[in-house]
Amino acid sequence: MHDVYAQAEKVCIWLGKREEFDNQRTRDFLTKILDLHELEQVVRRLEKKEEGSMWQDDEDDCKRMIALMEVEWFRRRWIIQELALARSTVVLFGKCEMPRLDFADSIALFMTKFDQVTAAIPASTDYLV
């Protein structure tokens, strides 16, 4: 697999098809949280749940992120090779796409706040798909 990914001109990582609204919202959220300050604001709003704030939208966005991370692709062992070795990689979900480095950075940043996010979201497996 090392040689396949290292020699590939472009690798497309397909995370599946979901509702386009959800795909676009997920991509927008992934882009937004590349700014660590924005991610901190999301967590703060989730924890405080202040009236009139955007915490409900934040909660839905976080549920979409968790649902995205439950996609089968994340369970495969060779995903590191896909992300690290290919010269050009794009991550696709539905019609949305994102450069692999932005995608990987967004996921990594989200995971730094994962415990806080899941503590602030009511326990449920009913995440948006």
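In this text, all values refer to a predicted model and were calculated from it rather than measured experimentally.
Ion pair E59/R45 not flagged as a salt bridge, since none of the NZ, NE, NH1 or NH2 atoms sits closer than 4.0 Å to an Asp/Glu carboxylate oxygen. A salt bridge links E72 with R75; the closest basic N to acidic carboxylate O contact falls under 4.0 Å. A salt bridge is absent between D22 and R25: the closest approach of a Lys/Arg side-chain nitrogen to an acidic carboxylate oxygen does not fall below 4.0 angstrom.
Note that CD of E97 is 12.0 Å distant from OG1 of T89, once rounded to the nearest 0.5 Å. Put simply, CE on M54 and CG on L46 are 10.5 Å apart, with the number rounded to the nearest 0.5 Å. The CZ atom of R100 sits 10.5 Å away from atom CG of D105, with the distance rounded to the nearest 0.5 Å. Atom CG of residue L39 and atom CZ of residue R44 lie 10.5 Å apart, to the nearest 0.5 angstrom. Note that CE of M69 is 11.0 Å distant from OG1 of T26, once rounded to the nearest 0.5 Å.
The shortest side-chain heavy-atom distance between M111 and I107 falls under the 4.5 Å cut-off. In this structure, the side chains of D61 and I33 stay at 4.5 Å or more apart for every pair of heavy atoms. Contact of the L30 side chain with the F110 side chain is not registered, since no non-hydrogen atoms from C-beta on lie closer than 4.5 Å. Within the 4.5 Å cutoff, no side-chain heavy atoms of K95 are placed close to those of N23. For the pair F29/C62, a side-chain contact is recorded, criterion being any heavy-atom separation below 4.5 Å from C-beta on. With a 4.5 Å cut-off on side-chain heavy atoms, D102 and T31 do not count as touching.
Taking hydrophobic clusters as Ile, Leu, Val, Met, Phe, Trp and Tyr residues chained together by side-chain heavy-atom distances below 4.5 Å, L101 does not share a cluster with V90. When hydrophobic clusters are built by joining Ile, Leu, Val, Met, Phe, Trp and Tyr residues whose side-chain heavy atoms come closer than 4.5 Å, directly or via intermediates, F114 is grouped together with V42. Connection of V11 to L92 is not established within any shared hydrophobic cluster, with ILVMFWY side chains joined at heavy-atom distances below 4.5 Å, either directly or through further cluster members. No single ILVMFWY cluster, assembled from side-chain heavy atoms under 4.5 Å apart, contains both V117 and W55.
In this structure, D115 and T118 approach most closely via the heavy-atom pair O-OG1, 3.2 Å. Closest approach of L15 to V71, counting heavy atoms only: O-CG1, 3.4 Å.
Annotation: K48, atom NZ; neighbour count of heavy atoms from other residues, nucleotides and ligands within 6.0 Å does not exceed 12. The number of heavy-atom neighbours closer than 6.0 Å to NZ of K32, taken from other residues, nucleotides and ligands shown, is above 12.
In this structure, F93 and F103 have tilted ring planes: the angle between them lies in the 30° to 60° band.
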Next on the checklist: Run R64 and L68 through side chain to side chain contact (heavy atoms under 4.5 Å, CB included) and show every step you take.
Outcome noted: CA-CA 6 Å; R64 283 186 196 90; L68 179 69; over 6 Å; no
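Remark: the Q24 side chain and the R27 side chain contain no N/O donor-acceptor pair separated by less than 3.5 Å.
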